[in-house]
Number of protein chains: 2
Amino acid sequence: MCQDGGMPPRTRRTEALSRERIVEAAVELLDAAGEAGLTFRTLTERLATGAGAIYWHVANKDELLTTATDAVVAQALPAASAGSPQEEIRAVALGLFDAIERHPWLATQLLMQLTRNPGGPVAPRIFEAIGRHIGALGVPERSWFTATSVLVHYILGTAGQTATAEVSTTREAFLDTVASSWEDLDPEAYPFTRRVARQLRNHDDREQFLAGIDLVLAGVTTRHSS
Amino acid sequence: MCQDGGMPPRTRRTEALSRERIVEAAVELLDAAGEAGLTFRTLTERLATGAGAIYWHVANKDELLTTATDAVVAQALPAASAGSPQEEIRAVALGLFDAIERHPWLATQLLMQLTRNPGGPVAPRIFEAIGRHIGALGVPERSWFTATSVLVHYILGTAGQTATAEVSTTREAFLDTVASSWEDLDPEAYPFTRRVARQLRNHDDREQFLAGIDLVLAGVTTRHSS
DNA sequence: ACACATCTGGAATGCCGTTCCAATATGGAA
DNA sequence: TTCCATATTGGAACGGCATTCCAGATGTGT
């Protein structure tokens with residue numbers, strides 16, 4: 001549980017096990033084989049140790065997942081650059097989008113963190129990165145929370161949706177499967193979904209994603225700029 | 001896997017096990033004890049049967065969860081009433097919001113269905129319920145998919161966030177805990193989140209939720225109504 | 001009354017997260 | 001240098017889970 005407060009020793013019996021080394025290995029396993037690829041079995045094998053050793057550094061699997069998620073998100077968020085609030089928000093959104101593309105397991109984790117663990121480190125980090133620029137858009141403080149929520153949920157939801165497509169064999173195959181199943185729906189009950197299925201097939205993820213952001217930003221700004 | 005094509009027999013050895021009875025029991029267990037409350041152990045106990053019997057009607061737990069989610073969503077979506085597109089969309093949103101309040105496990109399931117199983121029955125059902133009214137807002141067809149995505153992700157994300165608060169002891173206690181942990185963040189790194197934490201405390205879920213919807217609708221409409 | 005397909009209950013399997021503990025390292029005190 | 005308290009490790013053991021397997025009961029058509 002508690003880390004020592006002194007220098008790290010030069011060399012341990014094999015190669016000092018540490019919280020960071022565990023988290024790093026966890027991220028690698030998640031990247032390689034998704035959420036199911038991270039078990040204490042695979043983790044102990046990769047680190048050539050036992051379960052007890054890991055549990056000395058990490059409380060449980062949930063904490064490990066939270067820490068791994070936070071580490072990846074921290075790296076993904078861009079350092080503050082000096083642009084318009086819209087540009088800043090777009091940069092954050094793209095940073096998360098790309099991170100989810102690199103680590104497809106991230107999408108689910110982020111949604112979980114946001115809904116089930118808003119007190120943890122991940123939710124505030126993302127909330128802050130977006131919300132920081134909301135005031136500069138002319139949104140009155142009373143609406144800051146709502147406006148930021150809309151943006152964050154859209155970003156994570158959509159990025160997650162498109163990123164999941166990457167995991168399966170190829171993106172095209174996945175989108176094609178979904179589009180086909182949508183086109184096979186009952187025409188009476190699903191006229192809209194069937195019609196939109198075509199847009200799903202040839203669909204530039206990144207472009208659509210940014211279009212959605214702009215749409216939300218338009219709503220956020222026009223609402224209060226009169 | 002396959003249902004018979006004939007009449008259901010009047011009476012079975014105890015009380016005909018059927019796909020519907022299993023799904024019904026699953027929903028009850030989920031409502032009573034959340035996602036962790038649904039295991040094949042609890043399910044067989046409640047239905048007074050064995051695991052094999054259940055597996056004859058249902059492929060696996062994932063399918064059971066999907067079916068349970070779809071059943072609850074189907075009941076939650078309002079029958080078409082004749083109002084403005086905005087009113088229709090608000091009605092669907094509130095229908096989902098209330099369903100999530102009644103069945104807190106639903107939030108996570110819906111997010112999963114949307115991102116990991118868009119080919120299943122749940123995603124199209126929700127997409128259609130919202131998207132059906134998008135055209136009437138004056139949105140050009142090219143933007144239908146994006147606009148609907150924004151709305152759906154916001155609705156599910158936010159409803160999920162607020163619903164999770166219900167599960168824990170009391171809503172107030174949960175919000176208070178989260179707000180406190182946000183207020184304890186580093187003032188240098190988290191000025192926005194700390195400031196917004198106050199809005200979290202006294203916060204009418206439903207009102208905030210509808211405000212968010214209106215915000216998105218404003219963006220969707222003003223963007224194309226010139 | 002017989003045979004066959006449908007349906008059931010529960011035992012067995014293998015994997016998972018977690019706990020427990022005996023054994024081993026480490027750094028400072030003597 | 002020796003020794004000890006404390007920090008750290010590896011792996012065995014545990015209970016719970018989803019899922020599989022199968023012997024047998026049930027109901028239907030003949």
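Letters A, B, ... are given to chains in the order of the sequence lines, protein chains preceding strands, and every chain is numbered from 1.
- The residue among Phe40(A) and Gly52(B) whose nearest nucleotide of DNA chain C is located toward the 5' end is Gly52(B).
- A 4.5 Å side-chain heavy-atom check between Gln208(B) and Ser149(A) finds every atom pair outside the cut-off.
- Across the protein-nucleic acid pair, Ile22(B) atom CD1 and dA18(D) atom P stand 14 Å apart, rounded to whole Å.
- Residue His57(A) has no polar side-chain atom (N or O) positioned under 4.0 Å from OP1 or OP2 of dA7(D).
- Between the P atom of dC16(C) and the CG atom of Leu65(A) lies a distance of 14 Å, rounded to the nearest Å.
- Looking only at side-chain heavy atoms (C-beta outward), Gln113(A) and Asp70(A) stay at 4.5 Å or farther from each other.
- Between Glu35(B) and Arg116(A) there is a salt bridge, with a side-chain nitrogen of the basic residue lying less than 4.0 Å from a carboxylate oxygen of the acidic one.
- In terms of position along DNA chain C, the nucleotide closest to Thr42(A) lies nearer the 5' end than the nucleotide closest to the other residue of the pair Thr42(A) and Ala53(A).
- A heavy-atom distance below 4.5 Å is found between the side chains of Thr39(B) and Thr42(B).
- As a whole-Å value, the separation of Leu17(A) CG from dA25(C) P is 15 Å.
- Atom-to-atom, CH2 of Trp56(A) to P of dC20(C) comes out at 17 Å; the value is rounded to the nearest Å.
- Spacing between atom CG of Leu43(B) and atom P of dT19(D) amounts to 12 Å, rounded to whole angstrom units.
- Distance Tyr55(A) OH to dC16(C) P: 12 Å, rounded to the nearest Å.
- Each of dC17(D), dT18(C), dC16(C) was ranked by its minimum atom distance to the side chain of Arg41(A); first place goes to dC16(C).
- Look at CD1 on Ile54(B): it is 14 Å from P on dT20(D), rounded to the nearest Å.
- Distance NZ (Lys61(B)) to P (dG16(D)): 15 Å, rounded to an integer number of Å.
- Among the nucleotides dG17(C), dA18(D), dA12(D), the one closest to the side chain of Thr39(A) is dG17(C).
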